[in-house]
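Let me begin by presenting the structure, written as structure tokens, before commenting on it.
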Protein chains: 2
Amino acid sequence: MEVTGHMPAQDAPRTRSASIWDVARVAGVSQQTVSRVINGKARVSETTRARVLQVIAELGYRPNRLAQALAGGPVRSVTVLTSDTALYGAAATLRGMEEAARTAGFSVGISVLERDSGQADIALRLNRPGEAVMVIAFDDAGVRALRALPADVPVTAAVERRPDDGPDDPWQIWLDDRAAAAHATRYLLSLGHQTVHYVAIPSSTSALPQRTQGWQDALRAAGRPLPEPLPGGWSPRSGYLAVRSLLADRSVTAILCGNDDLALGVMRAAREAGRDIPGDLSVVGFDDSPPSAYLNPALTTVRLDFEGLGRACFGLLNRRLDPQNAAAVPAWSEPELIVRESSGPAPA
Amino acid sequence: MEVTGHMPAQDAPRTRSASIWDVARVAGVSQQTVSRVINGKARVSETTRARVLQVIAELGYRPNRLAQALAGGPVRSVTVLTSDTALYGAAATLRGMEEAARTAGFSVGISVLERDSGQADIALRLNRPGEAVMVIAFDDAGVRALRALPADVPVTAAVERRPDDGPDDPWQIWLDDRAAAAHATRYLLSLGHQTVHYVAIPSSTSALPQRTQGWQDALRAAGRPLPEPLPGGWSPRSGYLAVRSLLADRSVTAILCGNDDLALGVMRAAREAGRDIPGDLSVVGFDDSPPSAYLNPALTTVRLDFEGLGRACFGLLNRRLDPQNAAAVPAWSEPELIVRESSGPAPA
DNA sequence: AGAGAGAATGTGATCGATAACATTACCTAC
DNA sequence: GTAGGTAATGTTATCGATCACATTCTCTCT
């Protein structure tokens with residue numbers, strides 16, 4: 001059934017939907033003129049424009065973005081490479097990216113990185129060579145993917161830490177976790193705690209994670225004993241396991257956690273050990289994930305603006321793709337300590 | 001700088017990466033043969049295949065999926081239309097969809113529906129007319145989007161409820177919320193509670209939500225008083241507000257919540273009202289979101305297999321796109337009541 | 001030896017758009 | 001009245017692949 005037919009087939013499924021040629025034919029102009037109307041770049045007479053627009057509406061024509069992109073139209077799609085979206089940080093960053101991209105008229109693809117996935121196939125996830133990409137590289141898988149990306153790919157990334165060696169990569173952004181962790185630690189010390197223990201999330205690199213470093217910074221600056229960081233994972237369970245044996249020691253009165261999920265596990269372990277929060281033990285989390293404010297007790301935590309970071313990451317990408325007329329990269333909020341019920345003065 | 005050059009330009013950025021023609025030229029075959037090697041459909045002699053594969057590796061050639069799709073290759077991309085991914089149900093379903101799609105070699109696009117977004121532009125979010133789509137339609141925005149999709153779009157959807165009127169849409173799937181809510185309600189009644197109150201999530205349609213109906217089913221069957229459902233939103237805060245005044249009434253001893261976030265708010269309201277959970281008041285949630293097991297008290301809730309639902313939704317789409325040789329649609333788990341600490345016998 | 005069947009490969013059209021260039025029409029200035 | 005500029009539009013090549021069909025080559029069978 002061709003679109004050409006003068007006698008419309010009743011309810012017969014159209015083989016395919018209208019193309020730019022169909023519009024051109026019906027409107028009595030060339031496809032180039034239709035293209036001009038669509039893109040609004042070149043000038044078209046008011047009469048012609050109106051006629052074309054009407055035909056477009058009649059035929060229900062929608063441009064095929066694949067064809068547009070193939071023909072060298074402006075890049076209007078991004079693929080986000082992200083690790084486990086079950087984690088609040090990654091999920092919130094993704095939301096920010098998607099929102100910003102969609103608002104700017106980009107279509108966004110998403111591809112989740114398995115924790116143990118090889119890096120060989122990363123390039124194959126792209127829809128075409130040179131596809132624009134954003135990477136959420138808060139963990140090891142993300143960082144590896146970022147590194148495995150071919151050089152010709154325009155990419156920006158939200159990362160855990162600024163690179164240690166060499167100059168900052170202008171296409172990467174991050175939150176100042178280190179300062180935030182230091183701030184949270186100083187807060188706990190100011191409450192009279194002798195020292196602060198730390199349950200760490202896994203690092204994205206072989207180096208010490210930013211949050212761990214910030215915690216150490218604050219303890220060192222205050223001349224306090226510096227306990228070994230307790231290695232945790234990403235889940236409540238891992239936080240629970242990490243501190244279970246530690247809590248018998250009543251001299252442990254303050255615990256900072258690498259994220260809110262760990263804090264959840266720590267609080268449960270504390271409950272089972274008969275420790276009272278915040279009377280006996282102060283617990284501080286990281287991220288300010290949505291449930292935090294409603295936990296029992298409500299969790300003191302560091303609020304991180306992941307969504308803002310995601311939006312900024314897209315802003316950066318947009319600038320990278322089109323330095324001439326890209327909007328300014330939107331700002332994001334600095335980390336902020338939210339004091340709630342789970343922290344208090346050290347026990348007498 | 002052409003790819004043709006015999007003298008490779010040092011570090012000069014290649015104008016564009018290798019195409020199928022480049023491979024063909026270097027390998028001394030036609031592009032069609034290269035295409036055959038890539039797709040492995042038709043037969044190519046072992047010698048030729050090896051040579052082509054080697055050239056592909058040398059040139060770092062990667063097929064351009066846009067061009068493949070344009071030229072009528074098999075559909076290998078999906079766009080997921082979803083409402084707010086901050087909600088656990090939608091996020092988990094999305095994860096399931098993405099995983100299944102990626103595993104099947106599909107690239108997946110995502111587009112978030114604003115709660116109040118019009119439906120006129122839905123079709124414009126697709127990369128091309130006829131693009132495959134999955135919709136997560138647990139709320140009103142999702143259902144509207146599903147309805148606004150042009151008829152020529154191959155779509156499957158994860159929905160809140162089976163259609164009331166008319167036959168089931170074979171391309172929609174859902175969890176049996178109604179039975180699950182009834183089961184949870186019966187469980188509470190079996191603990192000796194006189195009746196069960198219910199805090200509802202917003203409905204995706206004008207009709208009564210499935211969970212509300214299931215709750216009513218159980219109360220009716222047991223001949224118990226049927227309180228007005230309390231209208232809640234999606235957030236802990238809305239749960240908190242919905243029950244705050246109710247809790248002064250000590251005869252209220254059991255509350256079922258439309259999701260775990262509402263339960264979180266309900267539990268905080270209970271704490272502030274001096275009610276003891278589960279001694280005084282039993283609270284049951286819905287969804288089994290990740291923090292539930294670690295709350296204080298740990299939340300009794302209905303576990304829903306959203307990821308499985310997402311995988312199945314993709315399985316369905318795959319079958320719709322290619323009925324001939326699509327794998328079986330993977331099964332998903334039935335809802336399951338997980339009894340934890342927040343529920344117990346009615347107070348004497 | 002010639003016909004016929006497959007296997008392996010090549011050729012040209014096509015998908016739906018954009019880019020570069022060509023052409024037409026009209027208006028103004030000398 | 002004709003040259004020249006500009007606005008509006010048409011033509012052709014191209015992006016990177018697939019598809020349908022044509023061609024070549026090699027066997028095998030009679």
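To find a chain, count down the sequence lines: A is the first, B the second, and so on, and within it residues start at 1.
When the nearest nucleotides of DNA chain C are assigned to B:Leu70 and B:Ser30 by heavy-atom distance, the more 5′-ward of the two goes with B:Ser30. Residues A:Trp21 and A:Val44 both approach DNA chain D. Their nearest nucleotides, taken by heavy-atom distance, put A:Val44 toward the 5′ side.
Among pairs with a residue in residues 129-138 of chain B, those fulfilling salt bridge (charged side-chain N to carboxylate O under 4.0 Å, His left out) read B:Arg128-B:Glu131, at least two apart in sequence or across chains. Among pairs with a residue in residues 65-84 of chain A, none fulfils ring-ring contact (aromatic ring centres under 6.0 Å, His included), at least two apart in sequence or across chains. Among residues at least two apart or in separate chains, there is no salt bridge (charged side-chain N to carboxylate O under 4.0 Å, His left out) pair with a member in residues 319-331 of chain B. Note on residues 50-83 of chain A: no pairs pass ring-ring contact (aromatic ring centres under 6.0 Å, His included), not counting sequence neighbours.
If you measure from atom CG of B:Leu126 to atom P of C:dG16, you get 16 Å, rounded to the nearest angstrom. Distance, A:Asn127 CG to D:dG16 P: 15 Å, rounded to whole Å. If you take CZ of B:Arg49 and C1' of C:dA8, they are 12 Å apart, rounded to a whole angstrom. Across the protein-nucleic acid pair, A:Leu66 atom CG and C:dT18 atom P stand 13 Å apart, rounded to whole Å. Between the P atom of D:dA7 and the CD atom of A:Glu46 lies a distance of 15 Å, rounded to the nearest Å. Protein atom CG of A:Asp22 is 14 Å distant from nucleotide atom C1' of C:dT14, rounded to whole Å. Between A:Asn64 atom CG and D:dG16 atom C1' the separation is 14 Å, expressed in whole Å. Distance B:Gln68 CD to C:dA17 C1': 18 Å, rounded to the nearest Å.
In this structure, B:Asp152 pairs ionically with A:Arg62, as a charged nitrogen and a carboxylate oxygen lie closer than 4.0 Å. Under the 4.0 Å criterion applied to side-chain N and carboxylate O atoms, B:Glu114 and A:Arg102 are assigned as salt-bridge partners.
With 3.5 Å as the limit, one finds no donor-acceptor pair spanning the side chains of B:Ser204 and B:Asp140.
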Can you check side chain to side chain contact (heavy atoms under 4.5 Å, CB included) on A:Ile122 and A:Arg144, steps first, answer last?
-> CA-CA 10 Å; A:Ile122 292 295; A:Arg144 286 206 320 268; over 6 Å; no
Could you go through nucleotides 19-26 of chain C and list every protein N or O atom that sits under 3.5 Å from one of its N or O atoms, giving the distance for each pair?
residue, atom, partner, partner atom, Å
C:dA19, N7, A:Gln32, NE2, 3.3
C:dA19, N6, A:Gln32, NE2, 2.7

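Across the helix from C:dA1-D:dT30 to C:dC30-D:dG1, the helix axis at one end is tilted relative to the axis at the other end by 60° (nearest 10 degrees, each axis from five pairs).
A sub-4.0 Å separation between OP1 or OP2 of C:dT9 and a side-chain N or O of B:Ser45 is present. In terms of phosphate contacts, B:Ser35 brings a side-chain nitrogen or oxygen within less than 4.0 Å of OP1 or OP2 of D:dT18. Distances shown here put every side-chain N or O of A:Ser19 at or beyond 4.0 Å from the OP1 or OP2 atom of C:dC15. Neither OP1 nor OP2 of C:dA8 sits under 4.0 Å from any side-chain N or O of B:Thr33.
Side-chain proximity of A:Arg43 to the nucleotides D:dA7, D:dG10, C:dT9 is greatest for D:dA7.
With contacts defined as side-chain heavy-atom distances shorter than 4.5 Å, the pair A:Leu59/A:Val26 qualifies. No side-chain heavy atom of A:Gln172 sits under 4.5 Å from any side-chain heavy atom of A:Thr156.
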